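Accompanying notes for the structure given below.
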Amino acid sequence: MLWYTSIIWLIFLGFIDMTSTLLVQRPEWQALQAHLEQIKTQQLRDWFAADAQRFERFSLRCGGLLFDYSKNRITAETLALLVRLAQASQLSAKIEALFSAEPLNLTEARPALHMALRDPQQTALWVNDKNVRLLVQAALAKMSYFVNALRQGEWRGATGKTIRDIVNIGIGGSHLGPLMSTHALAAVSDSPLRFHFIADVDERALQEVWTQLDPERTLFIVSSKSFTTLETVVNAKRCQQWLGEKLGQASLQPHFVAVTAQKARAEAFGIPEEQIFPIWDWVGGRYSIWSAIGLPLALQLGMDGFHAFLQGAAEADRHFREADLPHNIPVIMGMLGIWYANFFEAPTQAIIPYAYSLKYLRSYLQQLDMESNGKRITRAGGEANYATGPRIWGELGIHGQHAFHQLLHQGRHLVPVDFILVGRQGGQAFEAHQDLLIANALSQAQALMQGKEAAAFVQELCTQGLSVAQAETLAKHKEIPGNRPSSILFMDQLTPQNLGFLLACYEHKIFVQSVIWDVNPFDQWGVELGKALLPSVLEGLEHPAANTHQDASTQSLIAHYKALKQSL
Ligand code: F6P
């Protein structure tokens, strides 16, 4: 009896988490399971044929985005059941908690407040006795002063020349956001500035950028929330050394600025306080493009354009907070992901843009999603006994359809796809092939959905002169099963505002899923162990006699590399 009472107490005090097992036992979960059995053999093409209103029923429009989710394996009942699961997981209350600065990042005891970076509201929002609104306003004012000075040619290099080349040194969230967004919006920018990115600690990556630069006209932005990330610190020092050799070590000041939450470390690196832009611990690295980490984008667009980017995201925030669950784009995106990951047991999600401007979107979303929901421990410390964060992969569709779309159409795996389309990528100059891009995207989505039955192939092959037996054999290989789900996220135009809206929708989709899976999307402890092991492995590589107590495989590979170094 004593053990029984103790367990009840432990559960009550939250030391033993029952949520993980409770989730799959919830009636709402079980109802979805039963519903899957009813619909899993039904065909999307039949649903379309039977319901002329299917597109209207399963599409939403907000903020320059059309979200068509009609080609998903859902009926009105599926949607209602998914919404019920979201309600049972207290999703609306959790959304409110997120926006109200509750410390949802419980393992680091802090709120996640990236939305405050784009929220025009003035009402005070307190974190650690500091009004977040004032911090954000001051940071934007500092950015604005710098951006205007640089773009107007008032901020000059040591030899008096204006700046032309901007080099962002950073990695992960301090790299992917600036890279993705400056590439995405290059076509709508009139800036003559040229943007370069150094993330990789590979000499070749550095050389590739350096050869394009005019040292006298180059500005380096050292972007690191922690200012301890080895890759960034090593690269920043190399760039400092490189520029010092060209211009003299005493001339570097106007050529380096930093974005960090650790001002003292940036100062120790040699950057004066006036040239350090802040970020705070309540902004996660992968959610930081809205902060001064977005400085390259602000330099590219000017502050008006950067504000439009923030406004787009703020519109998505309002929509997420205010729209009821069945008409809420991030909620539907998130719940569709739950439907596939947990019920269809589809562990991956493809992101396939049909716009060259969105070349880096998949990489950006990969970090955003996988570093957020790549977790298996629930908020109260239990182990999830259900699938969590999906593997995000993909490529520009024009390339994908000549590479991996084969697997999407005929492979054994069910891969839900997000096709990202834009009506216009920039001015008229970029319109020549736009129809072709859109047509490709729409036909891929249509082919995935409707497929083509073997009987149709048999008929075609027989008219080409094959015998029925030959035609039937070949038709098996040619048959496209269809019933493969996809959503279309169609932006009217690729503008700063619409890009902001789209990215914020993905952030919130990830949050929705974290609520259902009951994991903390705002920490990333999984990346720490590799970082911690690095010094002793490096020691083993660099010092001939180092005994670094590695496992047999690592030790042998170290020896192999050392021998290679000597022989090459
Ligand atoms: O390695 C993971 C990570 O901590 C990411 O979460 C982050 O975006 C990246 O490293 C860069 O970190 P920092 O901005 O502190 O250099």
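Order of listing sets the numbers, starting from 1, for every ligand and every atom in it. Only a predicted model underlies this, so the values are computations on that prediction, with no experimental measurement involved.
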For atom 8 (O) of ligand 1, the protein heavy atom that lies nearest, with its residue and separation: Gly173 N, 2.7 Å
Suppose we call two aromatic rings close when their centres sit under 6.0 Å apart. Are Phe522 and Tyr287 close by that rule? yes
Out of His175, Glu528, Lys531, who is nearest to atom 10 (O) of ligand 1 when you count heavy atoms only? Lys531
Has Arg217 got a side-chain atom pairing as donor or acceptor with Gly157's backbone, closer than 3.5 angstrom? no
Element-labelled atoms of ligand 1 that are located less than 4.0 Å from some non-hydrogen atom of Lys225: 13 (P), 14 (O), 15 (O)
Among all the protein's non-hydrogen atoms, which is closest to atom 15 (O) of ligand 1, and how far away is it? Ser226 OG, 2.6 Å
Nearest-contact summary for atom 6 (O) of ligand 1 - protein heavy atom, Å: Glu371 OE1, 2.8 Å
of all protein heavy atoms, closest to atom 13 (P) of ligand 1 is Thr229 OG1, 3.3 Å
Compute the shortest N/O to N/O distance between Ser223 and ligand 1 and return yes if it is under 3.5 Å, no if not. no
Trace of the side-chain hydrogen bond (donor to acceptor under 3.5 Å, both in side chains) decision for Thr229 with Ser226: CA-CA 7 Å; Thr229 304; Ser226 60; 3.2 Å; yes
Considering the options Lys375, Lys509, Arg391, which one meets the salt bridge (Lys or Arg N to Asp or Glu O under 4.0 Å) requirement together with Asp369? Lys509
If we count only N and O atoms by modelled type, under 3.5 Å, do the side chains of Glu203 and Gln207 hold a donor and an acceptor together? yes
Among all residues two or more places apart in sequence or in another chain, which pass the side-chain contact (heavy atoms from CB on, under 4.5 Å) test with Leu534? Leu230
Number the atoms of ligand 1 from 1 as they appear, then name those within less than 4.0 Å of a heavy atom of Ser174, with their elements. 13 (P), 14 (O)
Salt bridge flag under 4.0 Å for residues Glu507 and Arg286: no
What protein heavy atom sits nearest atom 9 (C) of ligand 1, and how far away is it? Ile171 O, 3.7 Å
